[in-house]
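Here's the structure, in structure tokens; my notes come after.
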Amino acid sequence: MRTAVYVGALALAAVALTPVAATATTKEPTPSPTVSNPVNSDGIGGLSTETVAYGSHRHQQMDVWWTPDGMERPGVFLIHGGWWSSGDKKYMKEITRSYAELGYTVFNLNYRLSGDAAWPAQRTDALAAIAAARKHADRWAFDPNNYVLVGFSAGGHIAAAVGTYGDGIGGLKGVVGLSPIISPLRAYSDGENTTDPSKRKLRESAIRLAGGCAPKGKCSRVWASMEVAWHASRRDAPMLSIHSQDEFVPPVQSMLLKQMLGQVGVPVTVITQPGVNHSAPLYREPGVAERVQAWITERIG
């Protein structure tokens with residue numbers, strides 16, 4: 001039975017919210033992928049690529065990059081950022097290529113944005129994409145029991161939420177977040193009385209993700225579902241989280257997750273870089289991508 005860990009106190013003025021554990025019994029859809037583009041050769045290192053739909057919505061698609069040499073390979077799922085309301089997998093192409101060239105089967109996800117559907121649609125989409133990839137693993141030379149998630153900003157929130165969903169996700173060996181938004185509640189509070197436009201925008205984006213409502217009353221449950229750390233359990237995946245020291249998504253968000261997962265024995269590594277770079281610009285700083293790749297190698301080879 002899943003053990004939920006709750007936050008004892010959060011300094012959130014005027015927010016009355018009772019944490020509600022996510023249920024581990026919800027059955028996620030496992031659709032068969034629909035090929036949107038024929039398989040084509042990338043021409044570099046023998047890579048093949050295709051775009052497949054894992055659901056009926058136009059944003060429920062993923063690009064798959066793999067090496068068709070008959071070898072079963074570990075997988076990397078990439079989840080783009082964009083305030084939950086924008087962004088696209090096309091901006092992740094070079095990062096996708098870099099992991100494919102390292103020998104992984106790579107799944108570069110799009111998902112329903114907050115303007116399409118409120119939370120937890122984004123987590124549901126990530127779970128559905130993973131389920132489709134595992135179901136059809138042979139198609140892409142993918143080891144369905146050996147993969148990691150890598151998310152950027154809002155995509156880091158989705159990846160971490162998958163990592164703490166239920167009582168562990170089959171085959172998931174680790175989650176990496178680049179400036180992950182671990183606590184939308186913290187973002188809501190930080191953006192209330194600030195002159196920082198990014199913090200104000202993040203507060204507004206979190207409200208939109210929740211369906212347009214503040215974290216109180218009837219909206220308490222959806223906000224509780226959005227809080228990654230409140231759903232920590234002992235079978236969750238280890239996590240690596242990287243922030244800039246002075247960015248608008250502060251390292252303290254991931255420290256909260258480190259505390260909660262640590263209480264149930266799941267390791268979380270939090271790395272803080274100097275400066276203000278956020279998400280992909282942070283990933284491009286010297287040495288950061290290499291640290292992420294080394295951490296992934298330790299988890300899945």
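Just so we're clear, the structure is a prediction, and the values are computed from it rather than from any experiment.
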Task: Flag, side chain of N108 to backbone of K89, donor-acceptor distance under 3.5 Å - done: yes
Task: Residue list, salt bridge (charged side-chain N to carboxylate O under 4.0 Å, His left out) with D138, at least two apart or on another chain - done: none
- [ ] Describe, in one word, how the ring planes of H136 and W140 are oriented to each other, choosing from parallel (under 30°), tilted (30 to 60°) and perpendicular (over 60°).
- [x] perpendicular
Can you list, pair by pair, the side-chain donor-acceptor contacts under 3.5 Å of residues 170-182, counting residues two or more places apart and other chains?
unit_1: S179; atom_1: OG; unit_2: E247; atom_2: OE1; d: 3.2
unit_1: S179; atom_1: OG; unit_2: E247; atom_2: OE2; d: 2.9
unit_1: S179; atom_1: OG; unit_2: H278; atom_2: ND1; d: 3.4
unit_1: S179; atom_1: OG; unit_2: S279; atom_2: N; d: 2.9

Open item on the list: My understanding is that only residues two or more places apart in sequence, or in another chain, count here; which of them pass side chain to side chain contact (heavy atoms under 4.5 Å, CB included) with S86?
Closed with: W83
- [ ] Under the side chain to side chain contact (heavy atoms under 4.5 Å, CB included) rule, collect the residues that match up with A118, sequence neighbours excluded.
- [x] none
Task: Salt bridge flag under 4.0 Å for residues E204 and K201 - done: no
Result block: side-chain N/O donor-acceptor pairs under 3.5 angstrom for residues 290-301, not counting sequence neighbours:
unit_1: E290; atom_1: OE1; unit_2: G287; atom_2: N; d: 3.3
unit_1: T297; atom_1: OG1; unit_2: Q293; atom_2: O; d: 2.9

Task: Sole residue of F107, W66, Y104 in ring-ring contact (aromatic ring centres under 6.0 Å, His included) with F142 - done: F107
Task: Any residue meeting side chain to side chain contact (heavy atoms under 4.5 Å, CB included) with P250, in chain and number order, not counting sequence neighbours - done: D190, V252, Q253
- [ ] Could you tell me whether a side-chain N or O of Q122 sits under 3.5 Å from a main-chain N or O of A117, the two making a donor and an acceptor?
- [x] yes
- [ ] Flag the pair T164 / M239 as yes when at least one side-chain heavy-atom distance between them is below 4.5 Å, and no otherwise.
- [x] yes
Open item on the list: Under the criterion side-chain contact (heavy atoms from CB on, under 4.5 Å), I'd like the reasoning laid out for R235 against V264: C-alpha separation, chi angles, the key distance, then a yes or no.
Closed with: CA-CA 9 Å; R235 293 183 182 176; V264 292; over 6 Å; no
TODO: Keeping to residues at least two apart or across chains, list the disulfide (SG to SG under 2.5 Å) pairs with something in residues 249-301.
DONE: none
Task: Partners meeting ring-ring contact (aromatic ring centres under 6.0 Å, His included) with H80 (sequence neighbours left out) - done: Y111
Open item on the list: For K258, give me all partners under salt bridge (charged side-chain N to carboxylate O under 4.0 Å, His left out), at least two apart in sequence or on another chain.
Closed with: none
Task: Pairs meeting criterion disulfide (SG to SG under 2.5 Å) with involvement of residues 160-214, two or more places apart - done: C213-C219
- [ ] Check step by step if side-chain contact (heavy atoms from CB on, under 4.5 Å) holds for S241 and H243.
- [x] CA-CA 7 Å; S241 187; H243 295 262; 3.3 Å; yes
Task: Partner residues of F152 under the ring-ring contact (aromatic ring centres under 6.0 Å, His included) criterion, sequence neighbours left out - done: Y283
TODO: Please list, chain by chain and in numerical order, all residues satisfying side chain to side chain contact (heavy atoms under 4.5 Å, CB included) with R203, sequence neighbours excluded.
DONE: Y188, E192, I207
